[in-house]
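For reference, the structure is listed below as structure tokens.
Sequence lines set the chain letters: A, B, ... in the order given, protein chains first and strands last, and positions in each chain run from 1. It should be emphasised that the depicted structure is a prediction, and the values quoted were computed from it without experimental measurement.
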Protein chains: 2
Amino acid sequence: MKDTKRDILDAAEQLFAAKGPHATSLRQIIGRAKVNLAAVHYHFGSKESLLQSVMARRLVPLNAERLALLEEQERACGRRAVPLQKVLAALVGPALRLSRNPKKGGAVFMQLLGRCFMEPDLKIQAMLDRQLQEVASRFIPALQRALPKLPEEDFFWRIHFLVGAMAHTMADAERLRTFSGGRCNPDDTEAMIEQLVNFLSAGFKAKSR
Amino acid sequence: MKDTKRDILDAAEQLFAAKGPHATSLRQIIGRAKVNLAAVHYHFGSKESLLQSVMARRLVPLNAERLALLEEQERACGRRAVPLQKVLAALVGPALRLSRNPKKGGAVFMQLLGRCFMEPDLKIQAMLDRQLQEVASRFIPALQRALPKLPEEDFFWRIHFLVGAMAHTMADAERLRTFSGGRCNPDDTEAMIEQLVNFLSAGFKAKSR
DNA sequence: AATTTTTTCAAACGTTCGTATGAATCAGGT
DNA sequence: ACCTGATTCATACGAACGTTTGAAAAAATT
């Protein structure tokens, strides 16, 4: 039996990720999904809410996993602050790990998520903000508790740099393969997570100037 | 006297930066520049080469400044390696500083540059690669000399994170103002450069795992 | 002043976009 | 077998897109 809705979501995810939501037309999507053009509006209402559905399908479980990991660490630490590395790993780990799971969109969705971070379109921005608000509201205090001596100004700048490094890694890790002349392998996700967490935690721990 | 070519470049720069090149139409550009639609094709040939011209106008002097700064540091250091902070400052400083110069596009162009870094479009990617190749070929050896003990794999990962943090800071520093609740001020470019260089150099110096 | 070259302009080209419509087809319950 | 609601389909709509054209206007050259 044929699951039109899922076919559309899969095709849209791939094309949005590869070319950006704005540069992808519904006709390309329905061509890949092998469904009728009107099916998109029947099942999703509009292109914009199709994008929203594509994102939500992966982001909802992803964010749940992030929060669960963080809570697990907090339970393990009692009333002590969770170490910085653990907080960062809970934040970036599930996202980067998702890329190794082809059944859940694999690298494709990660790329799309990275793209949406950088997308100028205000509708997309608002949609993403909504999806990430809960994660932010839990992780920022956790990070602050792990870095009690860091001035707030430095702290927020470094959050900003974290987002940039993470988004770029999500959107275009593949680029690094050729750029590094094959020395870096983006398919080795655990190594990638370790590299990113290691880099970020050193950056966060830099002494304020 | 009216300088059509410059009016088009200015308007295109602003709109490309604000909405992304793909989401900006020629009709929006000529509306802001108050010129005729055909003038774009008369002066630039196509939308794509208009974007190329917009980028080149700022990037050529910007990259020259980066290389000059690096060479100055190398001269000052004799045959010793240039310290990491100095290399990073020569790389990100001119770009971030450009944002304080409204006569040269100010924050607007920086935002566009950040966007183009993340742009999926292959034409744009190729154009940017061309513009940045010389800078990359000079700065990568300089960075490697400043970090002689860092394994190459780690080195290239960290270059990747650097690009992400820098691009995000260029594209959307403004977002940090509200996100930080006013604690960070993206208009203070020197502070921004210092924050970024400080963060990056700590990340680069993190011990390999 | 006449001629040539460069620049501007209004109008249109063909294409593609997201969306809408109404009929055809299918599935499940009665 | 019949009906009913859900889904698919071909087709069309108006709008916007990048690009082209050929003539008018302006500037430069002679």
### Message
Working note: Arg177(A) + Glu174(A), criterion salt bridge (charged side-chain N to carboxylate O under 4.0 Å, His left out); need CA distance, chi angles, decisive distance, verdict.
### Response
CA-CA 6 Å; Arg177(A) 192 196 303 277; Glu174(A) 198 55 40; 2.6 Å; yes
### Given dT19(C), dT19(D), dA20(C), the nucleotide with the shortest approach to the side chain of Ala38(A)
dA20(C)
#### Entry: Phosphate OP1/OP2 of dT8(D): any His43(A) side-chain N/O under 4.0 Å
yes
### Task
Answer whether the closest heavy-atom distance between the side chains of Leu200(B) and Met166(B) falls below 4.5 Å.
no
### Query
Does a nitrogen or oxygen in the side chain of Thr4(A) sit under 4.0 Å from OP1 or OP2 of dT8(D)?
yes
### Query
Closest to the Leu37(B) side chain: dA12(C), dC17(C), dT19(C)?
dA12(C)
### Message
Rounded to whole Å, please give me the gap between NZ in Lys19(B) and P in dC17(D).
### Response
9 Å
### Message
Rounded to whole Å, how long is the line connecting atom CG of Asp7(A) with atom C1' of dT8(D)?
### Response
13 Å
### Query
Taking for each residue the nucleotide of DNA chain C with the nearest heavy atom, is it Gln28(A) or Gly45(A) whose nucleotide lies nearer the 5' end?
Gln28(A)
### Summary
Heavy-atom nearest pair, Ile29(A) first then Thr24(A), reads CG1-CG2, 3.8 Å
### Summary
Tyr42(B) OH to dA25(D) P, in whole Å, measures 17 Å
## Note on the structure
All heavy atoms of Leu50(B) vs all of Ala12(B), minimum pair found to be CD2-CB, 4.0 Å
### Message
Counting only side-chain heavy atoms from C-beta out, which of dT6(C), dT19(D), dT19(C) sits nearest to Leu26(B)?
### Response
dT19(D)
### Query
Taking only N and O in the side chain of Ser25(A), is any of them less than 4.0 Å away from OP1 or OP2 of dC17(C)?
yes
### Query
Once you round it to whole Å, what is the distance between P of dC9(D) and NZ of Lys34(A)?
13 Å
### Task
Give a yes/no answer on whether the side chain of Asn36(B) brings an N or O atom under 4.0 Å of OP1 or OP2 in dA10(C).
yes
### Query
When the distance from CZ of Arg27(A) to P of dC17(D) is rounded to whole Å, what number comes out?
16 Å
### Whole-Å distance separating the CD1 atom of Ile30(B) from the C1' atom of dT20(D)
15 Å
